[in-house]
Each structure stands twice: as C-alpha cells, then as structure tokens.
There are 2 protein chains.
Amino acid sequence: MGLGSNQRTSQRTSQRPGGTPGNGWTGIGELADEFGLTPRTIRFYEDKGLLTPARENNQRVYSHRDRVRLGLICRGKRLGFTLTEIKEFLKLYEADDNRIEQMRFLLHHGRERIAALESQWRDVEETLHDLRDLVAAAEEYVRRVTRP
Amino acid sequence: MGLGSNQRTSQRTSQRPGGTPGNGWTGIGELADEFGLTPRTIRFYEDKGLLTPARENNQRVYSHRDRVRLGLICRGKRLGFTLTEIKEFLKLYEADDNRIEQMRFLLHHGRERIAALESQWRDVEETLHDLRDLVAAAEEYVRRVTRP
DNA sequence: ACCCCAGCTTACCTTGACGTAAAGGGAAGC
DNA sequence: GCTTCCCTTTACGTCAAGGTAAGCTGGGGT
C-alpha cells in the first residue's frame with residue numbers, strides 16, 4: 001500500500017524544450033503519469049502556489065526540486081493535510097535551512113491531525129457498531145417474515 | 001452520547017394555527033429545537049422531498065408522522081447515509097406495510113455502508129500510524145537540534 | 001402606532017479539490 | 001498539407017448539506 005514511487009511506465013515521447021527527457025527536465029504530462037495525477041491537478045497546485053516550475057517556450061519544465069516538492073504534496077495529501085497546510089509546510093521547506101521551523105510546524109499540525117483522526121476513529125467505530133446492530137436486526141426481521 | 005431525545009426545553013409560545021401546542025400540531029421552530037436542527041435545515045429537507053408537512057395559513061404544521069420521519073432522518077444521518085438514500089428509505093416507509101422491502105433496502109445499503117466504514121477505518125488507522133511515526137521523528141529531530 | 005418576533009420565499013455563497021469545456025498554438029508523423 | 005497529440009489559458013461546473021441575506025407578511029405586546 002505504498003504510494004512512494006508509482007512509476008506508471010511513462011513512455012511519453014516528450015518534445016519541445018531543448019533536449020530529451022533524462023537530460024534533467026520533465027514535462028507536465030510525464031510528471032502527471034509519474035505521480036498518478038492529471039495535468040490539470042498539477043496546474044491546480046501551481047495556481048495555489050504549491051509549485052513554481054520554470055518555463056521554456058511557454059511550457060512548464062519541472063526540475064528535480066519540483067519533483068521532490070510534488071512528492072511532499074502527495075505525501076501530505078495522503079496524510080490528510082489540506083493544500084493550504086501543505087503550502088505553509090513547503091514555504092518552510094524553502095526558507096528553513098536546518099529544517100527546525102519545518103519540524104515544529106509538522107509537530108503542531110501533525111498533533112492536531114492525530115487528534116482529529118483519533119476522534120474520527122472513535123466515531124467510525126461507534127457508527128459501525130450501531131450499523132451492525134441495525135443490519136442484524138433487519139436480517140432477523142427478514143428471516144422471520146419470509147419463513148413464517 | 002445519545003442523540004435519541006434531545007429536548008431542549010423548547011418553550012416557544014407558538015401561535016397562529018387553530019389551537020395551542022399539545023393539541024397535536026407543531027411549528028417549524030419547535031421542531032427545530034426538539035431535534036437540535038435549524039428551521040432552514042428542516043425546510044431544506046422538505047425541498048429535497050424528505051418531508052411534506054401540512055399547511056395552515058401558509059405555515060408549516062408538523063404531525064406526529066412528520067416528527068417520526070424527521071427522527072428517522074436524523075438517525076440515518078448519524079449513521080452516515082446521504083439524504084438521497086434516506087429519501088429512498090422513507091419512500092418505502094410510506095408504501096411498505098409489512099416493512100419487508102424497507103428492511104431489504106436497509107440490508108443492502110447498510111452492508112454497503114459497513115464495508116465503506118470498515119475501509120475508512122483501516123485507512124484512518126494506517127494514516128494514524130504513519131502520522132505518529134512522522135511526528136515522533138520530528139520530535140526526535142527537534143530534541144537533537146535544540147539540545148546539542 | 002410601533003416594534004419585535006416568527007414565519008415565508010427566492011436566490012446566491014460556502015468548502016475542497018479538482019473536472020470539463022472552449023479556443024488556440026506548435027511540433028511530429030504520414 | 002493534414003491529422004494527431006500535447007501543450008497553453010480562462011472560466012464555469014461539480015458534490016453535500018446546508019448558511020446567509022434580502023425582502024415580505026402577520027400577530028402580539030406595550
């Protein structure tokens with residue numbers, strides 16, 4: 001169940017900017033395939049200020065740094081953070097050399113998230129109990145009625 | 001944590017229709033208080049076809065049946081069903097005398113819901129693990145850096 | 001007479017994370 | 001030259017369950 005590296009055998013014949021893939025640059029389509037996203041999604045992240053790829057001939061060109069950032073975005077999303085939180089986190093990722101502020105941020109919001117998830121966990125568990133009881137009662141009812 | 005009967009000591013001096021409360025009718029405000037909802041929410045349910053209260057002098061008047069239905073709506077919501085599903089359920093509640101179709105419906109959708117919740121339960125658990133690890137690592141990092 | 005409260009309707013706003021459509025450009029392959 | 005892909009931008013649509021506001025009505029109390 002790891003979302004770490006989902007290479008989807010992307011064999012795009014990427015053209016345009018000066019060179020071929022493997023020379024360090026990446027187009028939006030490739031990147032989308034790599035991470036299992038749509039180009040629209042990646043542009044959306046850029047709109048929201050989570051990514052700022054370079055341009056060559058008016059097309060987005062993604063560096064290694066960009067790819068790392070997108071990986072962090074996916075990881076954050078998987079852990080249930082909002083894009084806004086992830087943006088804050090990435091801001092620190094830019095500016096914070098020794099990562100200390102970034103870790104503090106992570107601690108704060110991570111603990112919040114954990115509390116929320118624990119609460120959600122309890123809710124789901126309780127709902128599940130109630131629902132199982134309800135369905136069991138319905139089964140009982142149907143059994144009684146269909147076989148008198 | 002019971003949501004069964006949340007009477008909030010509603011002491012509205014309800015007027016207008018021919019009689020006083022206790023004579024069998026209920027205004028939207030009272031009902032809202034009784035169930036811990038807003039009038040807007042109750043009107044919204046009516047819009048969606050979940051309730052069809054009578055009118056007296058152009059005002060909504062809720063019968064005992066309506067109150068029962070609203071109770072079912074709240075229960076359904078608490079169990080995580082959508083208003084659309086609840087509407088279907090209530091349709092059967094109207095037409096199905098021996099409740100057999102209603103119970104079948106409940107079985108079908110209840111089982112679906114249970115499966116979804118179990119999946120969600122696992123997701124939350126896994127995310128929680130990952131997040132705890134991450135936060136622990138961040139704690140470790142902060143500790144190392146702030147006390148050299 | 002006046003104000004306040006409760007109710008009514010219609011209609012747009014909210015949140016999050018995109019989807020979808022419209023309209024166009026440029027390069028590669030046949 | 002034509003088609004086909006991929007890329008670009010802007011802008012509106014989606015889903016759920018209501019919130020919020022505007023503007024009106026009508027009864028009760030002072």
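Every chain is numbered from 1 and lettered A, B, ... according to where its sequence line falls, protein lines coming before strand lines.
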Validation row: L106(A), M103(A) side chains within 4.5 angstrom (heavy atoms)
yes
Bending between helix ends of the helix from dA1(C)-dT30(D) to dC30(C)-dG1(D) [5 pairs per end, 10° resolution]:
20°
Please state how far atom CG in L50(A) lies from atom P in dA17(C), giving the value in whole angstrom units.
10 Å
Sidechain N-carboxylate O distance under 4.0 Å for E125(A), R122(A):
no
Among dC18(C), dT8(D), dC8(C), find the nucleotide with the atom closest to the side chain of K77(A).
dC18(C)
Distance, rounded to the nearest Å, where Y62(B) contributes OH and dA6(C) contributes P:
16 Å
Counting primed atoms plus P, OP1 and OP2 as sugar-phosphate and everything else as base, spell out the protein contacts along nucleotides 20-25 of chain D at 4.0 Å heavy-atom distance: B, S or - for each nucleotide, 5' to 3'.
B-----
Can you check the N57(B) CG to dC8(C) P distance for me, whole Å?
11 Å
When you check the gap from the basic side-chain N to the acidic O, do R43(B) and E46(B) get nearer than 4.0 Å?
no
Under 4.0 Å between any heavy atoms, over every strand shown, what does T38(A) touch: base, sugar-phosphate, or nothing? Just pick one.
sugar-phosphate
Qualifying residues under side-chain hydrogen bond (donor to acceptor under 3.5 Å, both in side chains), relative to R99(A), sequence neighbours excluded
none
My understanding is that only residues two or more places apart in sequence, or in another chain, count here; which of them pass side-chain hydrogen bond (donor to acceptor under 3.5 Å, both in side chains) with R69(B)?
E94(B)
Does E34(A) pair with R67(A) as a salt bridge, N-O distance under 4.0 Å?
yes
Which residues pass the side-chain hydrogen bond (donor to acceptor under 3.5 Å, both in side chains) test with T41(A), not counting sequence neighbours?
T38(A)
How many whole angstroms separate atom CG of D47(B) from atom P of dA16(D)?
15 Å
Those residues at least two apart in sequence (or on a different chain) that pass side-chain hydrogen bond (donor to acceptor under 3.5 Å, both in side chains) with K87(B) are none
Winner on side-chain proximity to F44(A), out of dT8(D), dA17(C), dC8(C), is dA17(C)
Nearest-nucleotide pick for T41(B), side chain only, options being dT9(C), dG18(D), dT8(D)
dG18(D)
Answer yes or no: is there a donor N or O on one side and an acceptor on the other, between the side chain of D66(B) and the main chain of S63(B), under 3.5 Å?
yes
Just how far, in rounded Å, is P of dA17(C) from CD1 of I42(A)?
16 Å
How about CG on D97(B), more than 12 heavy atoms from neighbouring residues, nucleotides or ligands closer than 6.0 Å, or not?
no
Hey, does the side chain of Y45(A) come within less than 4.0 Å of dA17(C)'s phosphate (OP1/OP2), counting only N and O?
no
Starting from P on dA6(C), measure out to CD1 on I28(B) and report it in whole angstrom.
13 Å
Give the rounded distance in Å between these two atoms: CG of N58(A) and C1' of dG24(C).
12 Å
Could you give the CD-to-P distance, from E56(A) to dC7(D), as a whole number of Å?
15 Å
Do the side-chain N or O atoms of R60(B) get closer than 4.0 angstrom to the phosphate oxygens (OP1, OP2) of dG7(C)?
no
Let's see if you can work this out: which of dG7(C), dG18(D), dT8(D) has an atom nearest to the side-chain heavy atoms of R43(B)?
dG7(C)
